[in-house]
Amino acid sequence: MIRLYSTLGRALVDLEPRDEGKIGFYVCGPTVQSPPHIGHGRSAVAFDAIRRYLVWRGYDVTFVRNVTDIEDKIIEKAAEAGEDVAAFARKMEERFRDAYRRLGVLDPDVEPRATEHIPEMHELITTLIEKGAAYQAGDDVYFSVRADEDYGKLSGRDIDEMRSGTRIEPNEAKHDPLDFALWKGAKPGEPYWDSPWGPGRPGWHIECSAMARRYLGDDFDIHAGGTDLIFPHHENEIAQSETATGKRFARYWLHNGMVNLDGAKMAKSTGNVVDLATALDTYGGMPLRLLFLRAHYRAPIEYSAELVEEAAEAYRRIERLLERVPPTDAEADPGVLDAFREAMDDDFGTPEAVAVLFDTIREANRRLDAGGEADALVAAVREIVGVLGLDAGDTAGGLDEEAIRAVAAEFGVEADGDIEDAIEKLLAVRAEARQARDFATADAVRDGLSRAGVVVEDTPDGARWLRA
RNA sequence: GGCGACGUGGCCGAGUGGUUAGGCACGGGUCUGCAAAACCUGUUACCCCGGUUCAAUUCCGGGCGUCGCCUCCA
């Protein structure tokens, strides 16, 4: 039985899907207003790992991750860039998609865009107005939080206490300062869609309610996103959806912790960000993915170059074992898989799962060092690595070909062709030197390659090389 | 001010009422021409003060500190 921590109720609960064996999983995807940063990567990896695990456990998972491609900030940023809003949004969306793929994040089953679901939003808004839970004020339509008796149940907030807070700006058009926009009338020059309430665009929140319902139905299983979305975004989704349908919106709410830089949250609004694509170029996707998976998805994590490098070092331990033992058709060791399952069944405990992975790696190496075989253990490692999505291959930047060719030239090796051939030829030169016990030359080749970012390791079967 | 999370060894980061998390780093060792890798091994733990208990890092209370949300944000 899988147990998971739901923010709604703040407790560990058993996973009991609406439809046996099936799971509807909705993740709040990005608002495509700027390129992705590390925090977006962390969130995507966290829920991708959970999704993969659920599939591995035999569930038929429908994974939906939306793209919010119309919103105030997008309009603002597009204007600053002097670009068409839709084109700008699409460009950003591509950047997110590319970064996700490099992190080994699987494509969603459905990736709906807000701008392509305006009619579904209109339907919800109309229902809310008919029920007296929403009202038109000027060119806008607002949801009336007073219409929802449960309002605040997700974030643990009380309407009256919030109203006395100083940070809520009274707005003449709203009946209550906490009411939020379902539909915003278009100002001149802004993109708009026609609606029963005049030309305009959707408010934030409503797109997720509409798209989740369209693809997963009411009372679907898992709704996920960052902790920073709990209020107001998810709270408002629940309010508008449940008020409109009279049914539960989602059964379980999962929230990933934030990524911190020097102890403070990485956030677009403060400029306190590290660009995800840049980090991917520097370290590769898998070290970053392992960095994320080493911590529990709900805990905040710290990001720094030093920490990714550390994760990269740890990742190489996995790679080395898998290179040491080629794939076989051996059955994965059941004891190892049990330990992995136990770790993951407990609120997707990837840190423990990773510990199981490294324990198994050590045991496998131990047996191999002792001259035995470890096929079942290595098969288990491969399986776990696959479930955690740590096998996507994007491990590091390219080789420094120029430096390698320079080394080749130094030792009179022809290196016009494939760079890997050049490395092999250099290793042959070194092997010859070693054979002749000319260790000075052998070491010079190795040192040269080392400076070019290629690590040479001698094994009983000859030398092999790895990217540094 | 309100709501919530958290304080673990050099760093990151799990977990548990009494028994080794794991990774990285550092020291010693085996192996190796030397290295690297791999393996063995060593070092520094559970913020403070009370309480419950045979026993608390783990439960309860208080304190101190950090962080998040309350405004757009994964």
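Labels below follow one simple rule: chain letters A, B, ... track the order of the sequence lines, proteins then strands, and each chain is numbered from 1.
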Rounded to whole Å, please give me the gap between CG in A/Asp347 and P in B/A14. 12 Å
Do A/Leu426 and A/Phe411 make a side-chain contact, defined as non-hydrogen atoms from C-beta onward lying under 4.5 Å apart? yes
The side chain of A/Ala355 lies closest to which of these nucleotides: B/A38, B/A14, B/G22? B/G22
If I take atom CD in residue A/Glu457 and atom C1' in nucleotide B/C34, what distance separates them, rounded to the nearest angstrom? 15 Å
Proximity to the side chain of A/Glu310 - top-ranked nucleotide from B/C11, B/G33, B/A74: B/C11
I need the A/Phe348 CZ to A/Asn256 CG distance, nearest 0.5 Å. 13.5 Å
Testing A/Phe231, A/Trp183, A/Phe180 one by one against A/His205 for a ring-ring contact (aromatic ring centres under 6.0 Å, His included), which residue passes? A/Phe180
Taking only the P atom of each, what is the distance from B/G29 to B/A35 in whole angstrom? 11 Å
Any strand is fair game: report the nucleotide pairing with B/G61 by Watson-Crick or G-U wobble, both distances under 3.5 Å, or none. B/C49
Taking the six-membered ring for Trp and the full ring for Phe, Tyr or His, determine whether the centres of A/Phe220 and A/Phe249 are under 6.0 Å apart. yes
Passes salt bridge (Lys or Arg N to Asp or Glu O under 4.0 Å), A/Asp98 versus A/Arg101? Steps please. CA-CA 5 Å; A/Asp98 178 58; A/Arg101 285 186 178 147; over 6 Å; no
Are OP1 or OP2 of B/C34 and a side-chain N or O of A/Arg430 less than 4.0 angstrom apart? no
What integer distance in Å separates A/His296:NE2 from B/G7:P? 13 Å
May I ask you to check whether A/Tyr5 and A/His296 place their ring centers less than 6.0 Å from one another? no
Among B/A38, B/A36, B/G4, the nucleotide that comes nearest once only the side chain of A/Arg324 is considered: B/A38
Per the atom types in the model, does the base of B/G2 pair as donor or acceptor with the side chain of A/Asp158 at under 3.5 Å? no
Interatomic distance, CG@A/Asp275 vs CD1@A/Ile38, rounded to 0.5 Å, equals 7.5 Å
Proximal nucleotide (of B/A74, B/A14, B/C70) relative to the A/Phe231 side chain: B/C70
Quick note, A/Ala442 side chain, CB onward, closest among B/C24, B/G33, B/A74 is B/G33
Going through the distances and angles, do A/Asp72 and A/Arg201 end up as a salt bridge (Lys or Arg N to Asp or Glu O under 4.0 Å)? CA-CA 10 Å; A/Asp72 294 8; A/Arg201 64 177 181 277; 2.6 Å; yes
For a quick check of understanding: with a heavy-atom distance under 4.0 Å over all strands, which category does A/Val456 fall into, base, sugar-phosphate or nothing? base
In whole angstroms, the gap separating P of B/U71 from CG of A/Asn236 amounts to 11 Å
Pairing partner of B/G33, by Watson-Crick or G-U wobble and under 3.5 Å for both distances, is none
With a 4.0 Å cutoff (strictly under), does any side-chain N or O of A/Arg320 reach OP1 or OP2 of B/A38? yes
A/Asp461 CG to B/A36 P: how many Å, rounded? 20 Å
Between B/A14 atom C1' and A/Arg298 atom CZ, what is the distance in whole Å? 13 Å
Using OP1 and OP2 only, check whether a side-chain N or O of A/Lys268 sits under 4.0 Å from B/A74. yes
Is there a donor on the side chain of A/Asp458 or the base of B/C34 sitting less than 3.5 Å from an acceptor on the other? yes
Candidates B/A74, B/G13, B/G33 - which lies nearest the side chain of A/His40: B/A74
If you check the A/Leu229 side chain, which of B/C24, B/G13, B/A74 turns out closest? B/A74
Could you tell me which nucleotide pairs with B/U16 by Watson-Crick or G-U wobble geometry, both distances under 3.5 Å, or answer none if nothing does? none
Please state whether the phosphate of B/A74, meaning OP1 or OP2, lies under 4.0 angstrom from any side-chain nitrogen or oxygen of A/Lys265. no
With the threshold set at under 4.0 Å for non-hydrogen atoms, list the residues of residues 358-375 of chain A touching RNA chain B in residue-number order. A/Phe358, A/Asp359, A/Arg362, A/Asn365, A/Arg366, A/Asp369
Quick one: is A/Arg317 getting a side-chain N or O under 4.0 Å of the B/A38 phosphate, OP1 or OP2? yes
Identified pairing partner of B/U66, criterion: Watson-Crick or G-U wobble below 3.5 Å: B/A5
With sequence neighbours left out, write down each residue that passes side chain to side chain contact (heavy atoms under 4.5 Å, CB included) with A/Ala431, or none if nothing qualifies. none
Please verify the inter-ring angle class for A/His234 with A/His255; under 30° counts as parallel, over 60° as perpendicular, anything in between as tilted. tilted
Gap between atoms CZ and C1', on A/Arg464 and B/U32 respectively (whole Å): 15 Å
Give none if B/A55 has no partner; otherwise give the nucleotide forming a Watson-Crick or G-U wobble pair with it, both distances under 3.5 Å. none
Is any side-chain N or O of A/Arg434 under 3.5 Å from a base N or O of B/G33, one able to act as donor and the other as acceptor? yes
Counterpart base for B/C24, defined by Watson-Crick or G-U wobble contacts under 3.5 Å: B/G10
N/O donor-acceptor pair, side chain A/Ser155 with base B/C3, under 3.5 angstrom: no
A/Leu12 CG to B/A5 P, in whole Å, measures 14 Å
